[in-house]
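Worksheet: one structure, shown below.
Counting starts at 1 for both ligands and their atoms, following the listed order.
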Amino acid sequence: MSRYDRGKLSIIACNSGRKLAGRIAKHIREIYKNENHSKMDANFPIISSEEMVFSNGEVKTVINEHIRGDDVYIIQCIDDPLSERTVNDNLMALLSAVDAAYQSDAENITVILPQYPYSRQERRKAREGITAKLVAEFLEIAGAKRVLTLDIHADAIGGFFSSAKLENFHASGEIIKYYKQNYEKEGDFVVVAPDVGSAERARYYAKIFKHEMAVIDKARNYAKMSAIESMKLIGEVKDSNVFVVDDMIATGGTILNACRLLKDEGAKDIYLACTFPFLNGNAVSKFENAYKEGLIKRVIGTDAVYRGEEFILEHEWYEEVSISELFAHVIYRINHKLSLSAILDSDDPVSNIS
Ligand code: R5P
């Protein structure tokens with residue numbers, strides 16, 4: 001088998017995806033080293049590129065190296081708490097990078113987009129657009145052949161692509177491994193879904209941990225900016241520790257209201273885990289207060305939303321699990337035309353294949 005089965009593996013990092021790209025690239029170098037591949041330069045496989053912003057806010061990506069015929073992976077983190085760039089800025093920056101790679105004659109363009117933007121707009125509830133579908137169309141028009149994402153909010157989004165393929169991976173393997181290493185000694189717990197949309201995820205965690213699960217029935221009022229109208233617990237948490245799992249924490253409204261309900265229902269210690277710790281608005285101070293008042297023990301997030309070392313050191317309640325090794329294996333396997341089932345179907349994908 002030739003080393004570059006699908007063309008040379010090259011990574012392009014958009015500015016907000018640069019930290020994650022660095023971590024992924026480090027793991028790819030390790031995989032190559034373990035495979036006894038010969039020397040590679042220190043920056044392999046990251047391609048030099050620049051993202052320029054004009055005075056009116058327009059963005060342009062320039063690729064500084066030749067990538068003709070390469071198997072290119074473009075990495076972007078759409079919600080970047082460490083910069084002033086908005087979700088829309090970063091979506092446009094990504095599209096400009098994909099187009100730059102297309103114009104540079106890359107053979108295959110794969111987008112690594114852990115946070116799929118507009119994923120909560122995947123169906124019509126009133127006179128509104130299905131913006132998640134528009135995002136799929138934009139990515140295809142720009143030249144993406146494949147989009148790799150993480151814990152996508154709605155599986156239906158896979159069907160919005162007509163020429164490109166969407167592959168959805170899960171952070172649960174990494175989160176479960178982390179929880180087992182660090183907190184399993186705290187004893188049994190009930191896995192809780194903070195809304196019905198998270199029930200399948202909670203069932204998966206409960207199955208792996210071999211613990212009970214409970215679900216919160218959350219109703220939103222769409223006429224009032226989706227405000228939470230009511231929450232009811234289905235299941236038992238009295239005198240048990242609980243582990244609440246969600247795909248994202250935005251304002252924290254869902255999960256903190258869930259925690260209050262769980263405490264009222266007699267829960268002991270509450271651990272939270274989510275793939276996307278967006279923590280928008282004043283969510284950080286809400287969690288700080290919730291921690292100080294003893295409502296929550298820990299929030300485990302992933303670096304799919306890169307918050308940086310300083311944030312982790314400053315906030316005792318926040319812990320980070322990296323999804324970079326998972327994506328490194330995915331990229332390596334796609335580039336070498338190897339099966340992805342071991343990663344897609346496993347509760348511990350990285351250990352399963354490394
Ligand atoms: C809802 O369907 C999602 O899974 C999250 O629970 C929700 O979007 C989180 O938003 P917030 O933190 O603002 O309640």
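- Taking the ring centroids of Tyr179 and Phe189, they lie under the 6.0 Å cut-off.
- Two residues are said to be in side-chain contact when any heavy atoms from C-beta on lie closer than 4.5 Å; Phe327 and Ile75 fail this criterion.
- For Glu174 and Lys177, the salt-bridge test passes: some basic side-chain N is under 4.0 Å from an acidic carboxylate O.
- Between Arg23 and Glu320, at least one side-chain N (NZ, or NE/NH1/NH2) sits under 4.0 Å from a carboxylate O, which counts as a salt bridge.
- Within a 6.0 Å radius of NZ in Lys19, no more than 12 heavy atoms belonging to other residues, nucleotides or ligands are found.
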Please give the N or O to N or O pairs under 3.5 Å between ligand 1 and the protein, distances rounded to 0.1 Å.
unit_1   : atom_1 : unit_2 : atom_2 : d
ligand 1 : 4 (O)  : Asp246 : OD1    : 3.0
ligand 1 : 4 (O)  : Asp247 : OD1    : 2.6
ligand 1 : 6 (O)  : Asp246 : OD2    : 2.6
ligand 1 : 8 (O)  : Arg120 : NH1    : 3.4
ligand 1 : 12 (O) : Ala250 : N      : 2.9
ligand 1 : 12 (O) : Thr251 : N      : 3.2
ligand 1 : 12 (O) : Gly252 : N      : 2.8
ligand 1 : 13 (O) : Thr251 : N      : 2.9
ligand 1 : 13 (O) : Thr251 : OG1    : 2.5
ligand 1 : 14 (O) : Thr254 : N      : 2.8
ligand 1 : 14 (O) : Thr254 : OG1    : 2.6

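- Ring geometry for His315 versus Phe311: interplanar angle of 30 to 60°, hence tilted.
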